[in-house]
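Within every chain, numbering begins at 1; the chains are lettered A, B, ... in the order of the sequence lines, protein sequences first and strands thereafter.
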Amino acid sequence: MNVVPGTVVEDPPVAEDPPAPRERTRRVITEVPSRADRRFNQITMGAGISVLVLLTLVGLFLMIQSSDALGETGIWTFLTRTEWRTDVTPARIGVLGLLAGTVLVAVVAVVIAVPLSVFSALAITEYSTAKRRKWLVGVVDLLAAVPSLLFGLWGFLYLSDKIVPISLWLTQNFGWFPLFKTSEDASLTGSIFIAGIVVALMVLPIITSVVREVFSQTPPGEKEAALALGGTRWGMIKTVVLPFGKGGIVGGSMLGLGRALGETIAVALLLPQVPQKIGESIHILQNGGATVSGFIANRAGADEFTTSGLLAAGLVLFIITLGTNMIASVVVSKSRSGAGVDI
Amino acid sequence: MPDVDVDVDVDSEVEQDLEENLTEDDRNEAEKVFAKKVEIIGGPPAGPATLEAKDACAWFGDRLVLEGVDLIMPKGKVTALIGPSGCGKSTFLRLLNRMHELIPGAALDGEILLDGDDIYAAGTRAQQVRMRIGMVFQKPNPFPAMTIRENVLAALKLARLKCDDKDTLVEQSLLRAGLWKEVRDRLDSPGGALSGGQQQRLCIARSLAVHPNVLLMDEPCSALDPTSTRRVEETIDELRGEVTVVIVTHNMQQAQRVSDLCAFFLAAENQPGMVVEQGPTDVMFSTPTDPRTLDYVQGRFG
Ligand SMILES: Nc1ncnc2c1ncn2[C@@H]1O[C@H](COP(=O)(O)OP(=O)(O)O)[C@@H](O)[C@H]1O
Ligand SMILES: [Mg+2]
């Protein structure tokens with residue numbers, strides 16, 4: 001309120017004295033946890049903290065070990081150079097070519113795995129009796145228990161040849177799509193596409209279990225409503241389950257992406273480990289490509305500088321994977337409580 | 001009884017409220033809207049239908065929970081199902097539109113006839129039956145991510161029906177459910193953002209949109225405030241003659257207010273539920289033949 005100078009502001013009439021506030025004591029009640037609760041708390045806290053400590057230690061180790069190579073090359077140059085040559089002096093190493101291959105393989109894997117996972121999850125949650133559900137969950141979990149190395153060997157020795165006709169068909173019919181183009185005489189084995197398929201099998205269980213978890217939390221009332229309106233099961237899934245599970249599908253896919261980015265041995269066996277040259281067009285169907293983890297696995301035991309460089313590449317992968325996983329878990333946790341509603 | 005006083009109070013208050021709500025203009029407007037005929041291609045045949053249960057029994061696993069129910073729910077009439085909790089009213093209601101079979105291990109016996117045809121006959125699809133016999137649940141369950149409009153039209157999408165005039169269908173359905181005035185300016189806002197009472201009326205509108213022959217309601221007002229309850233009762237009253245209504249209610253006043261016929265369900269301890277007595281509502285509430293019915297409608301047990 002502005003007071004114009006010269007005017008007398010009258011005090012508002014004073015009301016009768018308000019009753020004096022009663023003297024009160026604030027009591028804060030703190031719960032005294034039982035011994036069992038305290039013990040449990042300590043154990044869970046301890047487990048949580050040790051995971052953090054471990055992550056930090058891994059990060060620190062990578063940073064210290066890679067400082068040689070990063071210092072000599074320069075962080076920016078390392079991040080943006082596609083070449084990896086240790087036979088020249090000074091060595092010219094960069095992670096971008098490897099990173100491109102890594103991301104491509106992971107994306108191919110996720111693109112293949114997500115629809116499969118969503119349908120598996122639907123088969124489990126919506127189209128199964130209790131008995132079959134248990135059985136299917138077991139099978140998918142079993143898939144998760146297969147060591148990556150076996151997947152890699154199987155992909156290398158068996159699957160690779162079987163995929164070639166599919167690659168051929170894709171390039172003949174969809175060759176106009178830049179990624180699917182192949183050069184005349186190129187071999188179609190050892191391609192990013194094949195590596196992606198193998199990695200897809202590895203990430204399928206994790207995506208399926210996240211998506212299944214979210215689907216199974218669909219409010220039963222909404223499902224009944226859709227069926228009571230004359231909907232078929234598939235109609236109910238489209239109107240209720242999928243919209244509800246949207247967040248879970250996105251989060252699960254990202255979690256799978258994080259996993260796929262790190263999958264090592266399979267891709268070491270499958271790809272020739274020649275870093276992708278940026279600027280040159282990318283052909284996912286023909287022989288070529290390298291991934292960070294595959295590259296590291298292939299060159300383990302090299303000289304000190306190369307090792308340092310490999311660990312620097314590992315550090316970059318570590319950061320990217322960690323970031324992807326963090327975003328994924330945020331998305332998943334939001335989707336559950338948010339019930340897929342975006343208001 | 002102080003109970004009755006309270007009830008009367010609420011009624012008169014709500015009556016006023018409703019009158020304020022519908023002006024002369026609104027009524028004329030509504031009449032015009034209802035004059036338009038909306039055709040739903042592939043939808044149920046027009047008009048109410050008679051529903052008849054013949055010796056209906058239901059099991060959950062090995063447990064028989066409902067036995068030998070014979071009940072006629074005449075077309076265009078409102079039939080109330082009353083009885084204490086756990087005596088099988090919901091189970092019976094779900095037998096009537098084939099929702100019972102969705103529960104693993106559920107089984108049944110007997111016949112449910114819709115205008116003379118058994119809805120469980122071989123070759124009759126559950127989807128077809130459910131489209132003709134709509135259902136409103138105890139807990140309002142609109143599709144929260146869909147808009148109000150999409151909610152009303154959801155059955156068209158789910159049952160893959162075509163409609164020549166969706167806007168009119170939305171308006172008619174919401175008018176019949178007594179919700180139009182409150183939501184006409186925000187048909188594109190999400191259905192989950194409405195109050196509980198509005199959500200329930202949205203669910204009624206959603207069920208009415210396909211023009212079902214029968215509407216089943218399982219304690220539709222048990223989660224609602226008195227005003228919304230009264231609105232829903234008004235709606236049921238207006239549906240009389242157009243749709244056959246079967247309503248489960250625990251509120252004796254409500255059963256008296258809205259129903260023409262009444263069936264009293266009862267289950268003795270560890271015994272399946274059955275219909276103890278049925279008949280015109282006024283008889284059931286004044287001079288029932290079975291003493292248990294009198295005890296129940298007068299609130300002496302249950
Ligand atoms: N999904 C189910 N599985 C097993 N038993 C059930 C299920 N639903 C209801 N029942 C049992 O069937 C009986 C009848 O239940 P219900 O029809 O819900 O009664 P009401 O609606 O009259 O309260 C109860 O004893 C209940 O425990
Ligand atoms: Mg019930």
Should the pair A:Glu224-B:Arg94 be classified as a salt bridge under the 4.0 Å nitrogen-to-oxygen rule? yes
When rounded to the nearest 0.5 angstrom, what distance separates CG in B:Asn141 from NZ in A:Lys223? 13.0 Å
Min side-chain heavy-atom separation A:Pro243-B:Met146 under 4.5 Å: no
Separation between CG (A:Leu227) and CG (B:Leu158), nearest 0.5 Å, reads 8.5 Å
Which pair of heavy atoms, one from A:Ala228 and one from B:Met135, lies closest together, and at what distance? CB-CB, 4.2 Å
More than 12 heavy atoms of other residues, nucleotides or ligands under 6.0 Å from CG of A:Asn173: yes or no? yes
Under a 4.5 Å heavy-atom cut-off, does chain A meet the side chain of B:Pro140, its backbone, both or neither? neither
Does the side chain of B:Arg130 reach to within under 4.5 Å of the side chain of A:Leu229, using non-hydrogen atoms? no
Identify the two heavy atoms, one from B:Arg206 and one from A:Ala225, that lie closest to each other, and give their separation to 0.1 Å. NH2-CB, 3.3 Å
How about A:Arg133: does its CZ atom have over 12 heavy atoms from other parts shown lying under 6.0 Å from it? yes
Does atom CZ of B:Arg184 have more than 12 heavy-atom neighbours from other groups under 6.0 Å away? yes
Atom OH of A:Tyr127 with >12 non-hydrogen neighbours under 6.0 angstrom: yes
